[in-house]
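Convention: sequence-line order gives letters A, B, ...; per-chain numbering from 1.
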Amino acid sequence: MSEQSKVSRRDVLKLGSAGALGLAGSYFINNLAPFSSSVKAESNNKNHSNMDHSQMVGDITKTSGYKMAEQLLTTFDYGKASKLPNGQTLREYEVVAIDKEIEIAKGIKFPGWTYNGTIPGPTFRCTEGDLLRFHFENQGSHPHSIHFHGIHPTEMDGLEPIAPGQKFTYEFVAKPYGLQVYHCHVLPLARHIHKGLYGNFIIDPKTPREPALELNMVMNGYDLDLDGENDFYTVNGYAFAFMNHPIKVKKDQLVRIYLSNLTEFDLINSFHLHANYFTYYPTGRNDNPSQFTDTVMQCQGERGILEMRFPYKGKYMFHAHVSEFAELGWMGFIEAE
Amino acid sequence: MSEQSKVSRRDVLKLGSAGALGLAGSYFINNLAPFSSSVKAESNNKNHSNMDHSQMVGDITKTSGYKMAEQLLTTFDYGKASKLPNGQTLREYEVVAIDKEIEIAKGIKFPGWTYNGTIPGPTFRCTEGDLLRFHFENQGSHPHSIHFHGIHPTEMDGLEPIAPGQKFTYEFVAKPYGLQVYHCHVLPLARHIHKGLYGNFIIDPKTPREPALELNMVMNGYDLDLDGENDFYTVNGYAFAFMNHPIKVKKDQLVRIYLSNLTEFDLINSFHLHANYFTYYPTGRNDNPSQFTDTVMQCQGERGILEMRFPYKGKYMFHAHVSEFAELGWMGFIEAE
Amino acid sequence: MSEQSKVSRRDVLKLGSAGALGLAGSYFINNLAPFSSSVKAESNNKNHSNMDHSQMVGDITKTSGYKMAEQLLTTFDYGKASKLPNGQTLREYEVVAIDKEIEIAKGIKFPGWTYNGTIPGPTFRCTEGDLLRFHFENQGSHPHSIHFHGIHPTEMDGLEPIAPGQKFTYEFVAKPYGLQVYHCHVLPLARHIHKGLYGNFIIDPKTPREPALELNMVMNGYDLDLDGENDFYTVNGYAFAFMNHPIKVKKDQLVRIYLSNLTEFDLINSFHLHANYFTYYPTGRNDNPSQFTDTVMQCQGERGILEMRFPYKGKYMFHAHVSEFAELGWMGFIEAE
């Protein structure tokens, strides 16, 4: 692709900021119509006091990408559980790497490499001390692997590529408790991760956490034109997910978010909650120093647990406190009822 | 503006590093003469042992931008206070959004969008539990709003744009104690923030903090040529503020800095203090884990309190520990006497 | 150097990702043959299940750069110690700034500015309360200085450039205990630091830390074509150090890593350990809030101590959790036996 024909994220932003949206025709502009039209309004029309964020993304029907993001929010894969003779719980998970086109924003398709068909992959979940077996089959077009964060023998750390058509079982005892991530570790690393091969991996403490509404959130980005810069940013794979269909919670209910950053090409990502504070536990550990705040950053591979209650009814926006990321898809709402 | 005519920050740095300063004529070079001449000395002359940082910015008279930065350092806006029948303190603040040209470096003007005519805006201050009313009037040319960090009803979170000529009163109870920030939340977000619509918002704890010399510092950047990269970095809006007129403190005196990062276009900013350490309280909360160090980073929207004493008389440099940011304006001195 | 002839890191990555490695001939490709050939395999050949990270860098003999990185890993410069009449320990260090070509990756030379001939410079070490004298002589071609982090009189903070041929003795009492860094503070700052003038500076607490295998690691980058972006990333100055000759530790042994970030041109760097966790002490202080995790980030000038034990025998990879940095040299192995 020549330099001339590329449309990078900077161009998109320049369009917005320089008011040059008369230049239409890019696939961003055509496909992100609700977003671009609000930007156009901003650029061309100084009298638009009744534009707000909820109108920005229009009346989105829940397309396949939107449904994927919602499904990943509250679905946890506990594997197939059984008891071993010694009383230990064995959990067996089926993981298949498959090439799959994913809708990452309204009408925008991304040629993904996935675990089990979604970006991010499934949220694996277990309890500290469980014996885990991840039966991995590579049905994709490239070698892949699963690198789990956590403590385990190095033979199980996913450095070894599994060729297309091959299988491998990762087996280890779940430890330590906390929030882990997993991702492919085949070279070129940036490309294998960026294509979609990552997800959250929750190891619950043996003493269960306080009951809560639990939400899974993976921050990521997509580089569509392969220029090494992301064109979209999302939580759970779909731009502007949870904007027009906010996440519903109850007023005063304990809400727990498992948040990680698997964004490639940008050095950090961040999470900001409007009109509220949360307690942040780095790496999801109660014995790590926690913070009471409304804004946290994570480098790639970092993760943590956020706990909060919503004291008033209403729609609380959450987004990256990187304006560019927010405007390119990483923003949503939680609605307390 | 064509690619050819732009002078980006990278060009400025390349000039410095590649010794190509024979190429004069850019507005950076002409206007930042004291800075550029020291760079030129560095590039062309190997025998310049008597150049130091204080000479670098020449003998600056306190121009309007310099005075603005100084004023913002020690001015706190407590609003108009009164007592409600129930004994609660009511504080009412007047906030006007106005387009205003701001001097951001010696001789460099920036077409700002401001709250009350400065970049950053005023430092609002109150005590936890106070009832706050921010009477906001948009006298600017674009829709704006005020998004306050903190805990309050979502109707008060500043998502709704206020049209030019319109007014809105934000009313909520001040909580939680700590250091908050505020900024415009109208789209395109990056441009509205970057133009200057942000500031610090201190909610003091009900039990007052230990008396100290208190200083307000907002880290920011300015993108003059709209290329999505900052050309200047400052604390309190003016490049190289506090270089030639250091902040005066007393030896062994407790000094408390309210530090936030509202820099657009760069993922983090940082603060480093020479020849001393400080205690850093994230989000300005005593119950958050504090650190004893000399270097901290903040993503956009992050903020914290730094407390320190200066054990020796002398001039202590402080600056971003990002060399580029420091060289483009984000450095100053504290002088202990 | 014209834009056309430059080979930036983005180009290198594009080569890898776009499969355009038929375009050979760049010095990266020629000199980093083991790396590039694996990238080529990745790009051109879908059936390469037996490629792994250890093969990626080939069978490297320990060249001069490799030996430098290894030497810096376990060598600590305690200076020449003597007792003062009052019982205080005096430590005197010899530091010479010299221009020196450094091998930074297999066959790649970098025209460095160094302290004592290595990049990073020596790891100075002492105990809190010691009187320190750094006898600095500038034998380089440009003015230089040594800026030490820590608490000391401002006259000793290294702002004053020392001209080529001149000497200066920095004298101060070592405090506070923890991990400090030092670097040149002459303008242009980014270039003086980036050329190699930095290192770690350990001030041990008066009560010694628990005995451990101690390792020194400085994260850095190299911008070969002066485009303001790093082309290689390393720990201790040499790309892919510790890949083919892993750092040897004993199973269950306490390992302590003194880690700092002196990378220019990128806002953060990070450290991730495979298949294990560590306890991270920011700024190397036991009284700072520590974290149990496997991934930490540092902005430039930040540093900390990592403590860990390896519960299984095997080769544990460690690398930046920035894929680009890892692929451009910042990855290695620790082998537990």
For this session: Report the distance from atom CZ of B/Arg303 to atom OG1 of A/Thr295, rounding to the nearest 0.5 Å.
Result: 5.0 Å
Problem set entry | Minimum heavy-atom distance B/Arg285-A/Phe292, with the two atoms named | NE-CD2, 3.4 Å
Problem set entry | Side chain / backbone / both / neither for B/Gln300 at chain A, heavy atoms under 4.5 Å | both
Exercise. Side chain, backbone, both or neither: which part of B/Leu267 has a non-hydrogen atom closer than 4.5 Å to chain A?
Worked result: both
Exercise. B/His147 versus chain A, heavy atoms under 4.5 Å apart: side chain, backbone, both or neither?
Worked result: side chain
Problem set entry | B/Gln180 portion near chain A, given a 4.5 angstrom heavy-atom threshold | side chain
For this session: Rounded to the nearest 0.5 Å, what's the gap from CZ on A/Phe333 to OG1 on B/Thr154? Could you check?
Result: 9.0 Å
Problem set entry | Least distance between heavy atoms, A/Asp294 atom then B/Gly150 atom | OD2-N, 3.6 Å
For this session: Starting at CG of A/Asn276, measure out to CG of B/Asp157 and round the result to the nearest 0.5 Å.
Result: 11.0 Å
Exercise. If you measure from CE on A/Met297 to CG on B/Asn261, what distance do you get to the nearest 0.5 Å?
Worked result: 8.5 Å
For this session: Name the region of A/Thr279, side chain, backbone, both or neither, that has any atom closer than 4.5 Å to a heavy atom of chain B.
Result: neither
Exercise. Roughly how far apart are B/Ile151 CD1 and A/His274 NE2, rounded to 0.5 Å?
Worked result: 14.0 Å
Seminar exercise, completed: Closest non-hydrogen atoms of A/Ile268 and B/Cys299, given as atom of the first, atom of the second and distance, are CD1-CB, 3.9 Å
Exercise. Tell me, side chain or backbone of B/Met156 under 4.5 Å from chain A's heavy atoms, or both, or neither?
Worked result: neither
Exercise. What part of A/Ser270 lies closer than 4.5 angstrom to a heavy atom of chain B: side chain, backbone, both or neither?
Worked result: side chain
Seminar exercise, completed: Heavy atoms of B/Pro289 and A/Gln291 approach each other most closely as CD-CG, 4.1 Å
Exercise. Out of curiosity, B/His149 NE2 to A/His272 NE2, how far, rounded to the nearest 0.5 Å?
Worked result: 3.5 Å
